[in-house]
Amino acid sequence: MTDARLQDVGEVDEKQLKLLMRDWRRGRADRNLLEALSDGYVMIFSIVLIGAMLVSSILQAQETAAVCDTTGCVAARGLLPWASVAGVLAFTLVVARLFGPVAASAAEGFWLMDGPTDRRRILAGRLIGAIAAAGALGAAAGALIASLTGSGGLEIAFWALAGGLGSAGLIAFAAAEQGVDRRWIVSGVQWVIAVAAIGTMVLLVSGAAGWIDLGQITLLAGELALIIAGVGALLILLAGFIAYRRLRNIRRQRLTTGGSLLSGLQGAAFALEFALIRDILVEAKAKERGHVRATRGVGSGTTALIMRDVQRIWRQPLMLVTLLATIVVPYAVQALGLAMLNPPISALVLLAALVPFMNSLRVLTRTKGLQRCFPFDPGQVRTAAMVVPAVLALVWSIAAFPAFLGVAGGVATDPVSAGSAALVTGVAGLLGAVRWVSAKPADYSGPIVSTGVGAMPPGLMFSLLRGIDMVALITLPIVFGWPVWISLIIAAIAFALLRSGLDRDSLMDQQAEQKRLLEEEKARRSGGGPAKQKIQVQRKR
Amino acid sequence: MAGVAKKDVVLQVENLKKGYGPVTIVDQFSMKAHAGEAVALTGRNGAGKSTVLRCLVGADRPDEGSITVNGVKVSETNPQIRRSVATVIDDLDFFPDLSVVEHLDLLARAHGLDDPDELVDEVLEEVQLVPQAGQLPSTLSSGQRRRLALATAFVRPRQLLVLDEPEQRLDVEGVEWLGRRLKQELAGGLAIVMASHEPSLLDAIGARVLRLEGAR
């Protein structure tokens, strides 16, 4: 049954195939990069403005940290880049495992991978691109961290090299492992690096507090950075070569899973929907896990919801470990001499650490279908879903209290101020996380504003600041040296708003009810009958 | 299902009007559903069946008209309405980190059942999800997800059941089971309002059919 026309059609030339695909893509483009940039002046202006603010903050932090010469500051300046760059490297491996690191779109998987093509020739560019991107981003992260800790120019260059070459090397290593469809070694290395990062932070805090003598260890920062960079370079060459050799062996499923995830994330990123990005990642993780050992619930009513959140912690203790690890952050920031900025910085870190505990809140607020199944009003549901994160935030604040006292170096403060700062930090982190998780996405059905980058719902740009706005509102009074009760009042108002969820339907119901009561009252005062309707006569002007 | 005598009016809709932009989907729509009665909304695609159901459960606000359940005005956020109305419409979401059985357990407990194991196991067996009890929702097939959605309506107290094309994605056996189950529910005094394109299911439960004509 073979069609004679399908025989002797020649061999596939992958290079020509890629060129053809590129032509098609370019053929569909209706503007070039410069035109797109000129159209997007609003976005570029915003980025430049935010970038300028960021650079200014970095320079200020650097100046503060650089002039600080207490034991704590010296220890922090020496060791913080170690810990942070280790964190960046661990994060690189997390991303690599999540996406591949070599990935292909579902369309490529279907149309190209199934054909008589050489996968290595199609994927080689992808591998090099992933390594290069990791290198660039790692270098930027390394330089940023070193700048923030007040390091000198040469040290900043060393840590940029360490971050860049280290990240690129690890991507090459993960790609080599992807070629033999093995995950456990990458996972193991990721954990070793993460533990090293946390261990270094603990060492830093202990040294800054004077509990242990760090000796000359902090002076080795430059040498360590060069060692990391060297190992990274070696990995790029060796693991990169092995990864290239193994490109033909990568299963189609393994390639397209990462590609599909990436395209889903791109869609959410274009809408600036970061909570949706997390949803996609959580869903992908759940798919990978597939099955759990079911546990019986506890209690009834809202207690059942709260206790289910407790059981979630037992199921995924890693998020608790991460939260506990973040307790060292306020100690490290204080040790750096950045006492005034400690509440906002630590609250942002707490925000990020608390989000994984809010899966209930997220699902119950993103769509109304599941929430409608529960026999409570939305405020009760939200409050129940906030209980466990709130308890954790409180415990975190208590554990962070000595940091604000200055026991681990930096500026020493009286117990009342330190307690207030710790409490405000905990509350800001909690409410920031609640806002990040439960804020409504931009409303595309409402009025749309015309901008240089096209039509845009007014709420879209605020999506960027979601959660951060709450942290800023609550902690800035402390940064400005205002009384703590201002922060607490702002927090109370924020809690009331977040708890109610600003539900539009409820508000409209309330408004209608108030209107009805008003009409009744009017009718009663005017002698019993229904309120008379005003007659308006149309007149020409 | 206690507290509602057969033939009591459970759901009352008067002069419902709902539209999207300039298009009116439903206008002057009125209906009643009594305890122990099934009302089926039929009509071609876009006739407004789902729109009416979404208004009935409070997911959408009607432009005009009133909807009451046991005399209480329907509001999606009212706990009394949430307690009385079990819904399976297209906006049901699941917790990504809770297994099938944990969803049912949580829902039953939230509705006040202290020890729901027996009920949950029974419903799980009925919807043929026992082998999938420990699975996370993202790994279920679309048919299994539909069965889980239906199961959520049967592990909790209810006086009115609102279903939007419940036969969707169910196999032939599944549709037969659903017919039997809904018949039992009616015998127990439940009122059912559903949209469906499956005549055999409507025949099986002896539903009163209301045909919608659609947008203008």
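Chain naming here is simple, since letters A, B, ... match the order of the sequence lines and numbering starts at 1 in each.
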Inset, instruction - Find the one option among A/Gly290, A/Ala294, A/Ala384, A/Ala284 whose heavy-atom pairs under 4.5 Å with chain B are most numerous. - result: A/Gly290
Legend entry - Contact check, side chains of A/Leu305 and B/Leu106, non-hydrogen atoms, under 4.5 Å: yes
Inset, instruction - For B/Arg82 and A/Gln371, indicate whether the former's side chain and the latter's backbone hold a donor-acceptor pair under 3.5 Å. - result: yes
Inset, instruction - Hey, could you give me the CG/CG distance between B/Leu92 and A/Leu370, rounded to the nearest 0.5 Å? - result: 6.0 Å
Inset, instruction - Examine whether an atom of A/Ser360 lies under 4.5 Å from a heavy atom of chain B, and if so say whether it belongs to the side chain, the backbone or both; otherwise answer neither. - result: both
Inset, instruction - Please state whether the side chain, the backbone, both or neither of B/Leu140 comes within less than 4.5 Å of a heavy atom of chain A. - result: neither
Legend entry - Largest heavy-atom contact set with chain B, pairs under 4.5 Å, which of A/Val282, A/Val381, A/Val298: A/Val298
Inset, instruction - Have a look at A/Arg372 and tell me which of B/Asp91, B/Ile81, B/Thr77 forms a side chain to side chain contact (heavy atoms under 4.5 Å, CB included) with it. - result: B/Asp91
Legend entry - Pick from B/Val101, B/Leu107, B/Thr152 with the largest number of heavy-atom pairs that fall under 4.5 Å of chain A: B/Leu107
Legend entry - Minimum heavy-atom distance B/Ala110-A/Phe376, with the two atoms named: O-CZ, 3.4 Å
Legend entry - Proximal component of B/Ala86, with respect to chain A [non-hydrogen, under 4.5 Å]: neither
Legend entry - A/Arg315 and B/Leu98, any side-chain heavy atoms less than 4.5 Å apart: yes
Inset, instruction - Could you point out which residue of A/Arg308, A/Arg312, A/Arg289 forms a side-chain hydrogen bond (donor to acceptor under 3.5 Å, both in side chains) with B/Asp97? - result: A/Arg312
Legend entry - side chain to side chain contact (heavy atoms under 4.5 Å, CB included) assessment of A/Val292 paired with B/Leu136: CA-CA 7 Å; A/Val292 291; B/Leu136 298 173; 4.0 Å; yes
Legend entry - Heavy-atom pair with the smallest gap, counting every atom of A/Ala286 and B/Pro96: CB-O, 3.5 Å
Inset, instruction - Inspect the surroundings of CD in B/Gln184 and state if more than 12 heavy atoms from other residues, nucleotides or ligands are less than 6.0 Å away. - result: yes
Legend entry - Salt bridge B/Asp93-A/Arg366, side-chain N to carboxylate O under 4.0 Å: yes
Inset, instruction - Can you measure from OG1 (B/Thr139) to CD (A/Glu283) and round to the nearest 0.5 angstrom? - result: 10.0 Å
Inset, instruction - Kindly indicate whether the side chain of A/Thr295, heavy atoms from C-beta on, has any atom under 4.5 Å from the side chain of B/Glu102. - result: yes
Inset, instruction - Kindly indicate whether the side chain of A/Asn359, heavy atoms from C-beta on, has any atom under 4.5 Å from the side chain of B/Phe95. - result: no
Legend entry - Given B/Asp117, B/Asp105, B/Asp115, the one that forms salt bridge (charged side-chain N to carboxylate O under 4.0 Å, His left out) with A/Arg296: B/Asp117
Inset, instruction - For the pair B/Arg109 (side chain) and A/Ala304 (backbone), establish whether a donor and an acceptor sit closer than 3.5 Å, ignoring hydrogens and angles. - result: no
Inset, instruction - Could you look at B/Val57 and say if it's the side chain, the backbone, both or neither that has a heavy atom under 4.5 Å from chain A? - result: both
Legend entry - Heavy-atom donor-acceptor pair, B/His111 side chain to A/Cys373 backbone, under 3.5 Å: yes
Legend entry - Proximal component of A/Arg293, with respect to chain B [non-hydrogen, under 4.5 Å]: backbone
